[in-house]
Peer 1: 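Got a structure for you, written out below as structure tokens; questions coming shortly.
Counting starts at 1 for both ligands and their atoms, in listed order.
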Amino acid sequence: MAEAESPEVVIVGAGFSGLCAGIQLLRRGIRDFVILDAAESVGGVWRHNTYPGVAVDIPSATYSFSFEPNPGWSRAFAPGEEVRAYAEHCATKYKLRPHLRLNTRVEKAEFDSGANRWRVSTSDGGTEYSARFLVCAVGPLDQPRNPDIPGLDGFAGKIVHTARWDHGHDLAGRRVAVIGTGASGLQVIPEIAARAAHLDVYQRTPIWVFPKVDFAIPRGVRRLFRALPPVQRLVRLVTTAVSEVVMVLGIVHYSKAPFLVRGAELLCRAHLRRQVPDRALRRKLTPRYGFGCKRPSFSNAYFPAFTRPNVALVTEPIERVTASGIVTRDGVERPVDTLVLATGFKILEPGATPPFPVVGLGGVELGEHWDRERYHAYEGLSVPQAPNFWMMNGPYTVTGASWFSIIEAGTTHIVRVLAEARRRRAARVAVRVGPHDAFTADMRRRMRGTILAQPSCARSNSYYFDKRGEAPYIRPQSGLYVWRRARTFDLDDYEFTR
Ligand SMILES: Cc1cc2nc3c(=O)[nH]c(=O)nc-3n(C[C@H](O)[C@H](O)[C@H](O)COP(=O)(O)OP(=O)(O)OC[C@H]3O[C@@H](n4cnc5c(N)ncnc54)[C@H](O)[C@@H]3O)c2cc1C
């Protein structure tokens with residue numbers, strides 16, 4: 001084990017969450033921190049997901065830090081490569097590079113309650129870090145999930161997961177199968193359809209798809225955004241407000257505005273009708289669960305892909321994979337030479353949440369604790385069992401508009417507590433049981449009124465739900481409320497000990 005580094009704060013993850021935590025620390029004058037990431041560069045999901053067609057699925061104006069508008073977005077919905085470049089830009093502009101420790105995978109973190117410090121071990125004899133405070137900023141969409149299908153390991157052709165695309169593998173002239181029709185499948189399927197000789201798409205659950213109001217942003221407009229940043233901020237305000245209203249009214253307060261959910265479904269159905277003339281095909285592509293139970297998306301190219309002569313939609317469940325094909329439950333085997341897994345990520349399970357063992361007070365490992373006791377954390381960030389620790393993107397964090405609202409609220413909360421701990425010269429800070437339990441009970445009560453608690457979600461197969469059928473990622477409140485709360489929660493909800 002190499003010599004230990006002992007910074008005041010260790011942040012794990014150099015995606016947008018980790019970068020934002022670093023930026024906020026520097027703004028508060030806290031300079032003694034490192035950001036560890038297993039990857040060789042920053043950007044998180046945008047570094048890992050480079051499949052053809054990858055792009056944001058909310059307007060780019062909203063998908064950016066509120067304090068760092070990007071006048072350079074080429075389209076209303078920016079391609080993934082531009083988002084990755086934006087992350088690099090932020091790392092440079094906000095002087096985070098000296099703090100980065102890349103190619104450094106965290107394997108375990110354990111709280112030393114005698115010293116009130118976290119011992120953070122990294123991979124393969126890497127440096128061990130000892131830090132007063134630990135921020136886990138690893139997003140939930142980081143570890144690719146392979147489907148549990150018999151025979152997958154014996155497949156003799158090429159297997160590619162969308163989150164780890166192999167750009168050296170040419171799809172031209174191949175027989176390809178895509179398993180999965182979620183947000184990534186929706187983006188990659190039209191691209192593969194245009195290249196492959198034949199494409200079978202295996203769909204378990206259809207997705208609600210909106211028309212995508214996407215367009216190239218004219219140079220003149222980009223120049224205007226560069227010269228007058230308030231204009232772009234205004235655009236951001238509008239796109240964010242629209243996304244927020246749709247998501248909050250559609251999911252959280254859906255019973256107060258059922259017409260909105262109904263309207264969203266009607267719009268998606270009309271989009272499908274316009275693009276797919278074949279009634280039987282349309283029926284297969286129509287979701288049987290309520291809008292809002294599963295992440296919807298936007299595309300103008302997804303439905304037309306299924307009308308191409310080289311594309312088949314298979315809705316019969318997969319029974320097994322053979323060396324050269326896929327057998328469905330009706331006994332039909334379809335030959336395949338490239339298998340594309342658009343099957344998402346490991347989330348809400350031990351080993352994934354958190355992504356490495358985090359051992360707090362009394363030897364409590366957080367993943368096991370949450371698996372046993374249900375997923376919970378004060379403001380989605382901290383638990384009494386783990387002092388000096390915050391997990392970003394934790395339970396009850398996902399609000400309406402964009403991940404950036406979640407990230408900025410989370411880092412505001414964390415840095416407020418860190419600054420207060422410094423002010424009080426506290427060596428240990430832990431959320432008190434009372435506020436933690438009250439917050440958790442409030443979230444669970446509010447969840448009962450959301451669309452996610454409705455029977456119409458039962459058939460959605462959504463990653464929002466855990467093995468108990470609960471949706472503990474979603475925060476049943478508006479992004480605006482969470483933004484305000486991060487600035488106003490009572491710091492005495494934490495216990496500060498010298
Ligand atoms: C394809 C795709 C498209 C998306 N599009 C949108 C969108 O349009 N709008 C939206 O709001 N959200 C979108 N999201 C959600 C996205 O996850 C968030 O927007 C956001 O980028 C998450 O950032 P993060 O920093 O929290 O996590 P991540 O980006 O996942 O970053 C986590 C980092 O932690 C590192 N890491 C993981 N484990 C370890 C370890 N043990 N040790 C050290 N480092 C580790 C990883 O290498 C990674 O760099 C999308 C997600 C995906 C996958």
Side-chain angles (χ1 to χ4, degrees), residues 10-22 34-51 53-65 76-80 82-84 86-87 90-91 100-109 120-123 126 129 134-145 161-165 182-188 212 239-240 243-244 247 295-298 342 344-347 351-358 391-394 397-408 410-411 463 473 479:
V10 161
I11 298 165
V12 186
F16 285 114
S17 294
L19 297 179
C20 190
V34 294
I35 305 177
L36 315 180
D37 199 294
E40 62 192 21
S41 55
V42 304
V45 301
W46 301 102
R47 190 201 161 278
H48 295 305
N49 291 263
T50 60
Y51 57 82
V54 63
V56 293
D57 61 9
I58 57 166
S60 339
T62 288
Y63 197 80
S64 51
F65 288 123
F77 289 78
E82 287 183 24
V83 186
R84 192 200 59 74
Y86 174 72
C90 292
L100 292 172
R101 305 287 181 272
L102 300 172
N103 297 306
T104 305
R105 176 173 293 281
V106 172
E107 297 211 312
K108 186 175 181 185
V120 181
S121 8
T122 59
S123 52
Y129 294 81
L134 178 62
V135 178
C136 181
V138 173
L141 308 182
D142 181 62
Q143 299 178 39
R145 162 187 286 289
H161 194 288
T162 48
R164 299 291 181 272
W165 197 257
S184 298
L186 170 125
Q187 293 183 336
V188 82
K212 192 169 183 178
T239 54
T240 305
S243 321
E244 180 79 19
M247 296 305 278
R295 191 177 169 90
S297 203
F298 299 84
F345 302 89
K346 292 182 191 167
I347 56 174
T353 316
F356 46 82
V358 174
M391 193 169 108
M392 296 185 63
N393 311 302
T397 44
V398 177
T399 51
S402 124
W403 213 271
F404 282 84
S405 333
I406 302 168
I407 291 172
E408 290 187 29
T411 50
Y463 68 78
Y473 260 120

Peer 1: Would you confirm whether the ring centroid of Tyr63 sits within less than 6.0 angstrom of the ring centroid of Tyr86?
Peer 2: no
Peer 1: Taking heavy atoms and a distance under 4.0 Å, where does Thr162 meet ligand 1: side chain, backbone, both or neither?
Peer 2: neither
Peer 1: Record the part of Asn393 in heavy-atom contact with ligand 1 below 4.0 Å; permitted values are side chain, backbone, both and neither.
Peer 2: side chain
Peer 1: Do we see a donor-acceptor contact under 3.5 Å between the side chains of Thr122 and Thr104?
Peer 2: no
Peer 1: Relative to the heavy atoms of Gly139, which atoms of ligand 1 are at a distance of less than 4.0 Å?
Peer 2: 26 (O), 27 (O), 28 (P), 30 (O), 32 (C)
Peer 1: Does ligand 1 have a heavy atom under 4.0 Å from the side chain of Tyr51, from its backbone, from both, or from neither?
Peer 2: side chain
Peer 1: Looking at Gly13, which atoms of ligand 1 are within less than 4.0 Å of one of its heavy atoms?
Peer 2: 33 (C), 34 (O)
Peer 1: Is the contact between His48 and ligand 1 made by the side chain, the backbone, both, or neither, using heavy atoms and a 4.0 Å cut-off?
Peer 2: side chain
Peer 1: How about Trp165 and Asn49: does a side-chain donor come under 3.5 Å of a side-chain acceptor?
Peer 2: no
Peer 1: Counting heavy atoms only, which part of Trp403 comes closer than 4.0 Å to ligand 1: side chain, backbone, both or neither?
Peer 2: both
Peer 1: Is it the side chain, the backbone, both or neither of Trp46 that has a heavy atom closer than 4.0 Å to ligand 1?
Peer 2: side chain
Peer 1: Using a 3.5 Å cut-off on N or O atoms only, is Asn49 in polar contact with ligand 1?
Peer 2: no
Peer 1: For a quick test of reading the model, state the closest non-hydrogen atom pair linking His48 to Arg164 and the distance between them.
Peer 2: CB-NH1, 3.1 Å
